[in-house]
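On a predicted model such as this, the values are computed, not experimentally measured, just so you know.
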Amino acid sequence: MEVAPDCLGKVLVHGRAAGRIVEVEAYLGLDDLAAHASRGITPRTRVIFGEPGHAYVYFIYGRYDCLNFTAEPEGQAGCVLIRALEPLSGLALMHRRRPKAKRIEELARGPGCLTMAMGITRRLNGSDLVEGALTVRAMREPASFEMGVSARIGITKCADWPLRFFVKGNRFVSRYSARS
DNA sequence: CAATAGATCATCT
DNA sequence: GATGATCTATTGC
């Protein structure tokens with residue numbers, strides 16, 4: 001979970017679309033009942049137990065994909081859920097993929113939204129974030145921002161663990177997380 | 001602007 | 001068969 005805050009401010013690139021990560025959540029392993037990995041290795045969670053630096057994409061609620069980065073070494077579970085992006089380039093493309101979003105803030109505001117905007121599907125599950133089609137880069141200049149911490153969103157177990165990190169004051173952070 | 005209900009399917013029990 | 005790391009639309013202030 002130590003790497004979760006590091007993901008803030010980094011840039012996610014998929015094809016021509018790119019966005020800055022402004023909101024993430026950390027999910028641990030067996031001790032974290034909210035994590036998919038808490039039940040151990042299953043066909044779906046085996047990526048989390050695999051090598052770090054890979055994408056874990058899962059389908060949720062019959063509609064949406066969510067994007068994670070695996071974080072812990074092989075054999076251990078741990079991942080970072082990307083909750084919100086600030087769109088940087090490929091805006092027209094994102095708009096086409098999300099006709100419902102009329103404002104830029106709505107393009108990638110939320111786990112399901114950002115995967116749609118970026119065109120991420122389960123096809124990318126387990127793909128390498130360095131060599132694959134989906135990549136993560138750090139900004140040239142270390143972005144200076146205030147980091148906020150709060151409880152995670154949208155879960156029913158361990159809902160009070162302060163494992164959510166976001167860029168304070170950034171309006172691209174989802175409103176469901178505006179609790180303070 | 002804030003809060004609530006409904007849609008919908010892959011995965012696990 | 002039940003459940004969920006969600007989003008959108010609708011209703012109420």
Side-chain angles (χ1 to χ4, degrees), chain A residues 1-5 7-8 12 19 21-50 52 54-72 76-87 94-127 129 134 136 148-167 169-180:
Chain A
M1 73 161 264
E2 292 80 17
V3 302
C7 293
L8 286 179
L12 183 69
I21 299 170
V22 296
E23 182 181 356
V24 300
E25 280 179 9
Y27 284 86
L28 312 181
L30 302 172
D31 295 331
D32 186 357
L33 279 314
H36 291 167
S38 65
R39 288 179 235 136
I41 299 181
T42 69
R44 203 52 182 179
T45 61
R46 68 168 182 268
V47 176
I48 304 177
F49 288 86
H54 285 238
Y56 165 51
V57 184
Y58 68 95
F59 202 53
I60 190 69
Y61 291 133
R63 294 192 164 193
Y64 304 103
D65 291 305
C66 293
L67 173 67
N68 299 254
F69 299 157
T70 59
E72 298 293 325
Q76 294 187 54
C79 58
V80 181
L81 168 68
I82 311 303
R83 282 194 59 88
L85 291 179
E86 175 182 340
M94 291 187 183
H95 252 292
R96 221 178 58 183
R97 286 199 270 242
R98 296 205 66 239
K100 305 252 163 111
K102 301 219 159 182
R103 301 195 208 173
I104 300 184
E105 299 100 319
E106 295 170 344
L107 277 176
R109 178 190 68 180
C113 284
L114 74 89
T115 53
M116 263 189 256
M118 298 290 291
I120 295 168
T121 68
R122 290 193 304 292
R123 237 178 32 183
L124 294 170
N125 189 37
S127 70
L129 288 173
L134 184 69
V136 180
V149 183
S150 79
R152 291 175 292 183
I153 310 292
I155 56 178
T156 56
K157 300 161 189 166
C158 302
D160 52 348
W161 290 19
L163 292 179
R164 171 173 161 269
F165 308 91
F166 57 96
V167 176
N170 188 297
R171 69 180 190 285
F172 293 94
V173 174
S174 65
R175 72 177 161 93
Y176 296 103
S177 44
R179 307 171 147 281
S180 62

Separation of atom [atom1] in [X] from atom [atom2] in [N], rounded to whole Å:
X: A/Glu23; N: C/dA5; atom1: CD; atom2: P; answer: 16 Å
X: A/Glu25; N: C/dG4; atom1: CD; atom2: P; answer: 16 Å
X: A/Ile155; N: C/dT3; atom1: CD1; atom2: P; answer: 17 Å
X: A/His36; N: C/dG4; atom1: NE2; atom2: P; answer: 10 Å
X: A/Ile82; N: C/dT6; atom1: CD1; atom2: C1'; answer: 16 Å
X: A/Glu105; N: B/dC1; atom1: CD; atom2: P; answer: 11 Å
X: A/Phe69; N: C/dA5; atom1: CZ; atom2: C1'; answer: 15 Å
X: A/Arg109; N: C/dA5; atom1: CZ; atom2: P; answer: 21 Å

Protein heavy-atom contacts under 4.0 Å, written 5' to 3' over nucleotides 6-13 of chain B as B (base), S (sugar-phosphate only) or - (none), form the string -BBBSSSS

Any residue meeting salt bridge (Lys or Arg N to Asp or Glu O under 4.0 Å) with A/Arg152, in chain and number order, not counting sequence neighbours:
A/Asp32

Mind checking salt bridge (Lys or Arg N to Asp or Glu O under 4.0 Å) for A/Glu106 and listing every partner two or more places apart, or none if nothing turns up?
none

List for me each residue that meets side chain to side chain donor-acceptor pair (under 3.5 Å) alongside [X], sequence neighbours excluded, and say none if there are none.
X: A/Arg171; result: A/Glu105
X: A/Asn170; result: A/Glu86
X: A/Thr42; result: A/Thr45

Quick one: which of C/dT6, C/dG4, C/dT8 gets closest to the side chain of A/Lys100?
C/dT8

Just to be sure I understand the rule, does A/Cys158 reach a base, reach only the sugar-phosphate, or reach nothing, if contact means heavy atoms closer than 4.0 Å?
nothing

Given Watson-Crick and G-U pairs under 3.5 Å, DNA chain B in dot-bracket ([ ] crossing, | other strand) is |||||||.||||.

Side-chain donor or acceptor of A/Arg46 paired with backbone N/O of A/Pro43 under 3.5 Å
yes

Whether A/Arg97 side chain and A/Ala117 backbone form a donor-acceptor pair below 3.5 Å:
yes

Residues 55-69 of chain A, side-chain donor-acceptor partners within the protein, below 3.5 Å, at least two apart:
from, atom 1, to, atom 2, distance (Å)
A/Tyr56, OH, A/His36, ND1, 3.1
A/Asn68, ND2, A/Tyr56, O, 3.1

Given C/dT6, is OP1 or OP2 found less than 4.0 Å from the side-chain N or O atoms of A/Arg83?
yes

Identify the heavy atoms of A/Ile82 and A/Leu114 that sit nearest to each other, and give their distance.
O-CD2, 3.2 Å

First of A/Val80 and A/Arg98 reached from the 5' end of DNA chain C, by closest nucleotide
A/Val80

